[in-house]
Each structure stands twice: as C-alpha cells, then as structure tokens.
Amino acid sequence: MLEQLQISLKDALEKLQLPSDNIKIIKSNRPDLCDYQYDGAFKLAKLMHKNPLEIGESITEELKQGPYKEYYQNISCIAPGFVNLTLSNKFIIDQIKLMITKPKYNITMPKKETIVIDYGGANVAKPLHVGHLRPAIVGESIKRILKYMNQSVISDVHLGDYGLQMGQVIKGLLEQNIAISNIDIKLLDNLYPLMSSRCKIDEELKKECSMITKELQDGNELYQKYFQKILEVSKKDIKRIYDYLNVSFDLWNGESDSYKYIPSLTNELLANNLLKESNHAMVIDVSKDDDKLQIPPLIYQASNKAYLYGTTDLATIFARQQNYHPNKILYVVDMRQNLHFTQVFRASQKLPSTKNIELEFLGFGTINGEDKKPFKTRSGNTPKLDALFKEAKEIFIKQKEENKNLSDQDLDKIVNAIIKFADLINQKEKDYIFDLLKFSLVNGKTGPYILYTYLRVKKIIPNITQTVDNLKENIYNEQDRDIYIKLLDLDNIMQNAFLGRSPSSIANYLYELCVLLNAFYEKNHMNNLEDKEKKVNWSHLLNLATNIIETLLDLLDIQIPSKM
RNA sequence: GUUCUAGUAGCUCAGUUGGAUAGAGCGUUGGCCUCCGAAGCCAAAGGUCAUGGGUUCAACUCCCUUCUAGAACACCA
C-alpha cells in the first residue's frame, strides 16, 4: 500500500525535476492532520538551495493535478514544509477489497530462502524452568512469521545433550548406584543441581566429571547406555512442556548429533591451516585487528581432548550445510551468549564449506523478578514451568465467577495467551519483569484482552451475503475509518516483523487494532441497521479485522478459546 | 579493568534509518449500561526524555563528558 503512495510521489517529483529515489513516506505522527506524511522537502530544499515550504507546496500542487490524485482526499503543505496526505475513501475501499480478495491480505512477500532456525535449546538432564520460556515462545513465533512470509523453514530444537552436565549427572548416578532402568525425571531434576553445585566447590570432582564427559564422547559403552536413557527420559519431559506450549520442531537434534561430523570438519580445518595449539588445547583464532574487545579464540578441543560447545556448534553448522544447504541460520538464544556466537560465526566464515551461510544471532533478554534480577520464587528457587502454568490458571479463574465453568481446553489456551502475549509484547532483546497478576488481566495490553475483544466482535458480524464488489466507497464515521487505516498498515507491520525478526511489532499492532474495535463496538450497533449499504461495508470490515486477528494470533502461537 | 547494552509519567514500557504538540498500559480521579458481552468505553491529572556539552533548519533519536544499573570477557553451556 505504501508502495502506491511512493509511486504517486515519485511521479510528482519527476515532473518537478527533483531527485526521486529513496522516497520515504511514513505514517503520520499527527493523525489529527493526516494519515501519512512526507518529510523529504527539507532534504530536497537543501539540495536545491531553495525554501522547503516552496518545495513542499510545489509537490503538493503537482500531486493534486497528477494521475494519482484520486488516492487522496486531501493534500496539503504545512510550514515549515511537511507534506500531509489524507487518503480518499475510494483508495481506502479499493485497498480493502484487495486485502479481502488476494491471498494473505495482499501482503508483499519477500524472496524465498531456506532458513534453519535454532531455538528452544533445552538442556538434557536439566529441569525446565522459567528461563526456557523465552527461547520457546520467541523462537516459535519467529518461525511462524518466516513461514507465513513464504520462507522455506527448518526448525531444530538443538538440545544441549553432550556437555559437562552429562558427565556430572552420570557421575551422580554411578555414585548412588542407580540402575539405568530406575532413572526418571524426578531423579534427574534433583541430581543435576546437586552435582552442579558440588562441582563448583570440588575441583577434583569437576575434573572427574569432565573426564566422564570426554569418555562418553569417545563412545564408552557404559556411559553411552546411561546417556541414551537420560536422553529418552529427559526428551519425554521436554516434549510434554513444548506440547503444552504448542511449540514444535522439524528436527529434534542435539549437540551429540553433530559429533559424527567432527572428523571431516577437523580435516577441513587442518587443510585450511585454521587449527593451532595453545596451552595444550586446539583453538581457532577468530580475532580481528579492529576489535575493540579482544575476542578470545574458539576452543575447538580442550587440553583433555574433550570437545566443547564451540566445537559442536561449528560442527552443527557444517552438518546443516551438508544436509540442507541453508541460505541462513538463525539462533534464538540468550543474549549472554553473544560472545560465544561471535566466535562460532567468525570460525564458520573462515571455513570454505560454510562461509556463505548467513548467520544471525537473535539474542533475547532475561525474564526478571520485581527486583530486576532473574525471576525466582519467594523461597528463592527458579520456578518450574508446570507450577507457573498452574498458577496462571488459578489467577485467571479467580477473576470472575463464571470462569470456573470454562473447559480445561479453553483454560489452557487462555494460559498460553497470558504467558505468550506478555512475553511477545516486549522486544525480544530486552529483559522484562515477570508479573503473572498483571499478565492475566483482561484490560490493558494482555492476551486475555485480545481474546475478549475478538470473541466480542466476532458475535456481532452478520452473515456476509454480498461480495466485495458490492462495497460502497463510503466511510461512515471516525471509528470505522480508524479501523480501515489501521488495516492498511498491516503490510508495513508484517515487513517489520519479518525483517526485524520481531514478534513484538505484531503483538503491539494486535493491541492497537483491538482498541479501535472496542471503540467501534461501543459507539455503533450492528443489530437493527437500517442502512443496508452500511451493513455490507461494516460486515466486511469486521470480518476482515477478525480474520486478521486470527492470523496474527496464530503467528504468535496463541490459540483462541471457544468462549471466556 | 576493558567492551557492550540500557536510563523516557508513581510503576511497567512504545517511540526502527533525525521531523510537527514525546505516546500507551497499570495505578489515581471523574463520567457512560430500558439496544449486539461494562472482563468494555470516554475523559482528566501526571514529563527538565539520567547529566553536561556538540552537530543540524530540526535531537528522545547522531557524536563526545560524567553518573547509575545490567551483561560478557580461553578450556561450563
């Protein structure tokens, strides 16, 4: 839609013999004056050594007489040189017709690419807690946005399954003489924190665990048996949580799956003279001359010959190249891993077979408590996800008497909406404060508010009996006009969400659209509408708006309950 | 210590390549149900955009100072 406005402006600029490349039209920040604005007159004025008001006025005049004049109801230039554009009813309704009839609301689709997206990243043998919420929610949403925008997407959970924690847990199991068949999730949940804290104070124990990890990697049969069982038990639990969140993956690979690629990766590294020894470890130098901060080398093989996470991450890129030939690989991971991925990415770019893959680090912020430190329960523990879901459900039920009658299915969808919307409304890069009470409210920028609005509006849409050809070029008041203008902005929002890998722009748009729909609901009545033309127009308008809400909620991986 | 990120209303946050009067939500105050869901809507109050300088016709936005907070900084992931 913006493109058409740009074309109209380009035409005017060309006729005035002014430079007409890179035309920027933005949504007005003075909605009382106009829908869109063009601020280029200032730069043109400087370039041409003229008065900006003069330039602005000549553009305005040209637009008013040009071939695209019917796009606009009003074009004006206001001192010191802003060009204000107000869309005509005809243009608005024409665009709306296209949104209704063309696939995917006539959104412009980018070039198709093969993209691997790596998110989730749960660690095997470590209990899932609130910290695992973001990579799952943000990653799933970005995946859905990419798919919607026509990309060929492969999602991989990339489990952390071959690191030191495996050695620690196996050591603990051996110490306590636990039979492989007796390993269950409860045991693992308790064992990992115990071993981890013991290793922090006991150097000898840590060394031992590290050796077990190394031998596991080398194929020690007993350790492999333990590993397989731990993987099985842990995966089952991780899957259960992801199922509840409706998060799914094409690949359930882990660090261990990259292991078989290490020999050929090593060969390529050696052939290109990229590996060197440093303090008995094998490292890849990734520093650059203009680094402000010294970037340490990527440790490829530790001095005890064990492979570390940099190795498996590099081997995973290598493996993905061989199996899927991706154009891009996206990593939805904790912001704090920034340096690590800088090292891995640089190493990958030195490698002939992977250097052409574009690697994107999509770091997300921490979920904090009210004290702005990583979220903990009152007793000081990191809360488990099961408990969190249960709490959200209870808080929501308490808000209204009738909520007790909601089905479990609907309640689970609402819990998902509460948690996901609260997360996704924030920019993924930033930390946010976890406050279930606030997230569960039905007013404000919350999931329940969106769901409520949707269900409320959905009920007043009459059956649509007339096609879009019967839409009149008529806009009736401020409320329906506001909604039309908001809907026309969808394309722009989707481009931002896609290019910026930014679910938050969709979440914010959803909220703004819902506010407008509630205002419409309040001031207009769909029942007993005398004016038949108005009824047709509004039916289509509300139908389009609710369809868009459905689509966008799906992109945020939020499902709609049957009632609430 | 070095590097990076952040500091906007009482609280939580938008403000994406510099544009007009810095916007929302929560909270506070006051209004609106004999018509489709009041879990809603409308309105008001609330700001030295951390600080001091600079660049520009124009700075919350770009550059530099200082202060404050958080994060990362070679064998854990």
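Note that these values count all heavy atoms, side chains included, but never hydrogens, waters or copies made by symmetry. Residue numbering restarts at 1 for every chain, and letters A, B, ... go by the order of the sequence lines.
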Under 4.0 Å, counting only non-hydrogen atoms across every strand here, what does A:Q37 touch: a base, just sugar-phosphate, or nothing? base
Would B:C33 be called syn or anti here, given the cut-off of 90° from 0? syn
Measure from NZ on A:K534 to P on B:C36 and round the result to the nearest Å. 18 Å
d(CG, A:N524; C1', B:C35) in whole Å: 13 Å
May I ask whether A:Y521 stacks on the base of B:G40, given the cut-offs of 5.5 Å between ring centres and 30° between planes? no
Report the residue (A:A519 or A:S505) whose heavy-atom-nearest nucleotide on RNA chain B is the more 5′ of the two. A:S505
Whether A:Y307 and A:Y259 hold their rings parallel, tilted or perpendicular, with breakpoints at 30° and 60°: perpendicular
Between C1' of B:G37 and CD of A:E522, the distance in whole Å: 10 Å
Out of the candidates A:F345, A:Y119, A:F364, only one should pair with A:Y331 under the ring pair (Phe, Tyr, Trp, His ring centres under 6.0 Å) rule; please name it. A:F345
Kindly confirm whether the side-chain ring of A:F42 is stacked on the base of B:G19, judged by centres under 5.5 Å and planes under 30°. yes
Nucleotide-level pairing of RNA chain B, given in dot-bracket where Watson-Crick and G-U pairs need both distances under 3.5 Å and | marks other strands: (((((((..((((.....[...)))).(((((.......))))).....(.(((..]....))).))))))))....
If I take atom CD in residue A:Q337 and atom C1' in nucleotide B:A74, what distance separates them, rounded to the nearest angstrom? 16 Å
Sidechain N-carboxylate O distance under 4.0 Å for A:D285, A:K350: no
Length of the CD1-C1' vector between A:I397 and B:A39, whole Å: 15 Å
Residue A:K206, side-chain heavy atoms: nucleotide from B:C76, B:U3, B:C26 that is nearest: B:C76
Ring geometry between A:W538 and A:Y476 (parallel below 30°, tilted from 30 to 60°, perpendicular above 60°): perpendicular
Here the distance between atom C1' of B:A77 and atom CG of A:L339, to the nearest Å, is 13 Å
Sub-3.5 Å donor-acceptor pair from the side chain of A:S539 to the main-chain atoms of A:P462, do we have one? no
Under-4.0 Å salt bridge between A:K27 and A:D35: no
Regarding A:N527, tell me which of base, sugar-phosphate or nothing describes its non-hydrogen contacts under 4.0 Å with the strands shown. base
Could you pick out which residue, A:N84 or A:F396, lies toward the 5' side of RNA chain B when each is mapped onto its nearest nucleotide? A:N84
Just checking A:I26: base, sugar-phosphate only, or nothing, at a heavy-atom cut-off of under 4.0 Å? nothing
Plane angle bin for A:F318 and A:Y261 - parallel if under 30°, tilted between 30 and 60°, otherwise perpendicular: perpendicular
Answer yes or no: is there a donor N or O on one side and an acceptor on the other, between the side chain of A:S141 and the main chain of A:I137, under 3.5 Å? no
Pairs under 3.5 Å (N/O, protein and nucleotides 59-70 of chain B):
none

For A:D291, report the nucleic acid contact type (base, sugar-phosphate, nothing); a contact means any heavy atom under 4.0 Å. nothing
Which whole-number value in Å describes the distance from A:R346 CZ to B:C73 C1'? 14 Å
Between A:K46 and B:C57, is there a side-chain N or O to OP1/OP2 distance below 4.0 Å? yes
Name the nucleic acid region contacted by A:K459, choosing base, sugar-phosphate or nothing; use a 4.0 angstrom heavy-atom cut-off, strictly under. base
Output the rounded distance in Å from CZ (A:R336) to P (B:A6). 17 Å
Candidate list A:V169, A:I170, A:L164, test side chain to side chain contact (heavy atoms under 4.5 Å, CB included), partner A:I212, passing option: A:I170
Do the charged groups of A:R346 and A:D291 touch, with an N to O distance under 4.0 Å? yes
